[in-house]
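Read the structure below first, then the notes.
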Amino acid sequence: MTSSPERLWFDADAMWVALADGRTLGVPLMWFPRLLAATPAQREAFELSRRGIHWPELDEDVSVAGLLAGLGDQSRPKRDAA
């Protein structure tokens with residue numbers, strides 16, 4: 001089972017998530033366009049759950065499992081290379 005998030009913070013370029021098992025994940029904000037475009041106040045208006053993070057105002061959800069798998073925004077289908 002994936003560890004739950006305990007703490008979340010941002011710097012200029014990344015989102016940081018501290019997990020209950022002691023790991024800390026840092027991911028580029030570029031992976032999540034809604035978070036990248038959000039104001040600092042909007043980014044701070046999140047809810048932690050057992051499985052991930054939710055931003056009600058932004059309609060954004062990020063799962064810990066997705067972060068551990070190296071996945072960014074999954075709301076748009078990926079384009080195949082030509």
Practice prompt. For residues Arg51 and Ser4, determine if any side-chain heavy atom of one lies less than 4.5 Å from a side-chain heavy atom of the other.
Written response: no
Item to complete: Determine whether Glu60 and Leu35 make a side-chain contact, defined as any pair of heavy atoms from C-beta on separated by less than 4.5 Å.
Response: yes
Item to complete: Output yes when a side-chain donor or acceptor of Trp55 lies under 3.5 Å from a complementary backbone atom of Arg43, and no otherwise.
Response: yes
Worksheet entry | For Asp59, salt bridge (charged side-chain N to carboxylate O under 4.0 Å, His left out) partners two or more places apart | none
Item to complete: Might you point out which heavy atoms bring Val64 and Pro5 nearest each other, and give the distance in Å?
Response: CG2-CD, 3.6 Å
Please set out all donor-acceptor pairs under 3.5 angstrom arising from side-chain atoms of residues 7-19, sequence neighbours excluded.
unit_1	atom_1	unit_2	atom_2	d
Asp11	OD1	Asp13	N	2.9
Asp11	OD1	Ala14	N	2.7
Asp11	OD2	Trp16	NE1	3.0

Worksheet item: Given side chains that start at C-beta, do those of Phe46 and Leu58 come closer than 4.5 Å, heavy atoms only?
Response: no
Fill in: Partners meeting side chain to side chain donor-acceptor pair (under 3.5 Å) with Gln42 (sequence neighbours left out)
Thr39, Glu57
Worksheet item: Stepwise, does the side-chain contact (heavy atoms from CB on, under 4.5 Å) test hold for Phe32 with Val27?
Response: CA-CA 9 Å; Phe32 302 99; Val27 296; 4.0 Å; yes
Worksheet entry | Test log, rule side-chain contact (heavy atoms from CB on, under 4.5 Å), inputs Leu68 and Arg23 | CA-CA 10 Å; Leu68 290 170; Arg23 291 179 287 180; 3.7 Å; yes
Item to complete: For Pro40, check side-chain contact (heavy atoms from CB on, under 4.5 Å) against everything at least two apart and list the hits.
Response: none
